[in-house]
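Excluded from the calculations below are hydrogen atoms, water molecules and symmetry mates; all remaining heavy atoms, backbone and side chain alike, are included.
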Amino acid sequence: MKLLKDIKNESNEYLQYLLKFKMLILIAYLVCQVGIYVSIGKTNYFIFAASFFTTLFIISSLVLMLKDSKTAVLIYNISLPILPMQLYLLNRLNLNNIGVIIYFVYFIFLLIGIRKEKLNFKKITIKSKYGVVTMVYIFLCVIAIISSARSLYKLESFRLTFIGIVFMILYSLILICLDIKELDFYKKIILFLCIGVAISGIPDTFIALYSLILTGENVHLYGVLGSNFMLGYTLMVIPFIVLYAVNKEVSGKYNSIYKLLLLIETINLCTQRSRGILGALCITFVAIIIIDHKNYKKYLLIALLVLGNITFNVFQRGEMVEIKESIKNIEINEIVGDAPSNKGFFYELSQQTRNRGPIWSASLRMVEDNVYTGVGPANFKYYFPAYAPELKKAYTDAHNIFLNVAAELGVPFALVFFFSWGIALLKSVICGFTKKKKYNKGFILTTFIGMISLMAYGNVTGQAFITSKHPISVVPAFVLISLLTVLIIIMKEQTISNK
């Protein structure tokens, strides 16, 4: 009952605003659904049924972004993680160009939504306290544009540069220039972002549960809605969801909503079978227990449930079954006088995980041949076959965060990007233990844990910030820039009220 009351209280203002435009929303919705039905016909009722939610969400969210500047920012945060669901449907309808346009439409509506707000552009001048942030952003934009101009497929490269880099940077600068110093506003940004991320993982969870119940097989989606891609950006918000759900002192009035999000993510994570996510989540839970040790028993229970299920799923993977069978067939050698047998669980496991080696090797050679500006955003997939002709499978990214950025955008871009990212995290932790102790659990350390977990996962299992293959997704890049921007604002602003 409390959960329903909290959701009603938080959403009532938005519902009242939407009701003012109910006829416009209804007409737009019917037109879109008729168009989708005509395109699909009777070939795929599942896709048509799925469009009921996504179409209504897009229309309603765009209308809400016109309400005011704060609402525009909040709706932008909840919408970007969910957009790939609609883009997936458009991809099935062979309407990928419309999918790309939606990203531009959302950014335009964001600009329209903040039109009445007086932006403080003095905050992003070179001499301001955000001057270094501005210079880093300018450098990254310039390099990305040069890289796109030099790329083989320029149109595709420029398209990805704008929706995945330029729009993300402009959003960050807008958030800084809004000059809002209300703590609750930044808590809402985190909340809306977490809601969007949680919803984006539902399709993969549904498919996994559906297959487990009907066939006994743990099957997951691939692509932008699949577990491998989704888990990377989910890791960045998991510390917030777990800590805010358990520690009511930090989450405050949003505690019951975070408990619901924790339930959704627990079900999602318990179906996963990735070895990378298992290791990354171990880091996450250990770090959360360290910073909030008073509630360690609750965190341990959640960790045991999640990690226990993932471990079981990992051991059901085909290659893991082969490892266990091979170990059973190994005879025990005498210790004295015997050389290492190069057999056993960890040896076999290392052999199975070496499939990333050829991809990384090819990516390193690609970086070596294109040091300064890379091959261009979205161009990795075109160059990769030439660097790894022995691999039959085509890859769209390097399966490593560092290599992927360096290969597509060049070493200078990668060095500045990752160095700035690391310095921001390091300074925030130092600031958190000196000047901003009251924000440690709620913002600073939780963001730090999420980023470290992402790096652990993304550099082993692989994580692209932007997908170049349709349907296009910029969710990891957006979650990263949104959390970092809030972190920088919390760190740099001297006065943030608790209103």
Quick one: does any side-chain atom of N404 pair with a main-chain N or O of A398 as donor and acceptor, under 3.5 Å?
yes
Backbone N or O of L425 within a donor-acceptor pair of the S428 side chain at under 3.5 Å?
yes
CG on L83 to CD1 on I58, rounded to 0.5 Å
5.5 Å
With a 3.5 Å distance limit and no angle check, can you tell me whether T125 reaches the backbone of F121 through a side-chain donor-acceptor pair?
no
So Y17 and F21, would you call those rings parallel, tilted or perpendicular, with 30° and 60° as cut-offs?
tilted
Does atom CZ of F104 have more than 12 heavy-atom neighbours, drawn from other residues, nucleotides or ligands, at distances under 6.0 Å?
yes
Name all residues meeting the salt bridge (Lys or Arg N to Asp or Glu O under 4.0 Å) criterion together with D179; count only those two or more places apart in sequence or in a different chain, and write none if there are none.
K123
Look at atom NZ of K122 and say whether more than 12 heavy atoms of other residues, nucleotides or ligands are closer to it than 6.0 Å.
no
Taking I277's backbone N and O only, do any of them form a donor-acceptor pair with S274's side chain (distance below 3.5 Å, no angle check)?
yes
Determine whether a donor-acceptor pair (N or O, by modelled atom type, separation under 3.5 Å) exists between the side chain of K492 and the backbone of I489.
no
Would you please classify the geometry between the F167 ring and the F162 ring as parallel, tilted or perpendicular, with 30° and 60° separating the classes?
perpendicular
F53 CZ: over 12 foreign heavy atoms closer than 6.0 Å
yes
Any residue meeting side chain to side chain contact (heavy atoms under 4.5 Å, CB included) with T55, in chain and number order, not counting sequence neighbours:
Y29, C32, Q33, I36, S51, I59, Q86
According to the interplanar angle, ranging from 0 to 90°, do the rings of W421 and F417 count as parallel (below 30°), tilted (30 to 60°) or perpendicular (above 60°)?
tilted
Taking C-beta and beyond as the side chain, do I112 and L66 meet within less than 4.5 Å on heavy atoms?
yes
Near-ring test F443/Y186, centroid separation under 6.0 angstrom:
no
Taking only residues two or more places apart in sequence or in another chain, which ones pass side chain to side chain contact (heavy atoms under 4.5 Å, CB included) with I146?
V142, R150, T373
Evaluate the criterion side-chain hydrogen bond (donor to acceptor under 3.5 Å, both in side chains) for residue pair D369 and Y383; output intermediate values, then yes/no.
CA-CA 11 Å; D369 290 343; Y383 282 81; over 6 Å; no
Quick check: does any side chain N or O of N370 sit under 3.5 Å from a backbone N or O of M366, one acting as donor and the other as acceptor?
yes
Below 4.5 Å, heavy atoms only, C-beta onward: do L269 and I238 meet side chain to side chain?
yes
Report the residues that fulfil side chain to side chain donor-acceptor pair (under 3.5 Å) with E156, sequence neighbours left out, ordered by chain and then residue number.
K381, Y382
With distance as the sole test, does N379 use its side chain to make a donor-acceptor pair with the main-chain N or O of P377 at under 3.5 Å?
yes
Does atom CG of L155 have more than 12 heavy-atom neighbours from other groups under 6.0 Å away?
no
So, do F418 and F402 have ring centers that fall under 6.0 Å from each other?
yes
Find out whether V219 and Y210 are in side-chain contact, i.e. whether some heavy atom of one side chain is under 4.5 Å from a heavy atom of the other.
no
Look at the side chain of S79 and the backbone N and O of Y76, then say whether any donor-acceptor pair between them is shorter than 3.5 Å.
no
More than 12 heavy atoms of other residues, nucleotides or ligands under 6.0 Å from OH of Y88: yes or no?
no
Kindly say whether the aromatic ring centers of F380 and F384 come within a distance under 6.0 Å.
yes
Under a 3.5 Å distance rule, please check whether S200 uses its side chain to pair with a backbone N or O of V197 as donor and acceptor.
yes
Looking at the rings of F478 and Y171, which for Trp means the six-membered one, are their centres under 6.0 Å apart?
yes
Taken in chain and number order and not counting sequence neighbours, the residues that satisfy ring-ring contact (aromatic ring centres under 6.0 Å, His included) with F158 are none
Donor-acceptor pair, side chain of T161 and main chain of S157, under 3.5 angstrom:
yes
The criterion is side chain to side chain contact (heavy atoms under 4.5 Å, CB included); which residues satisfy it with S172, sequence neighbours excluded?
Y137, I176, I481, T485
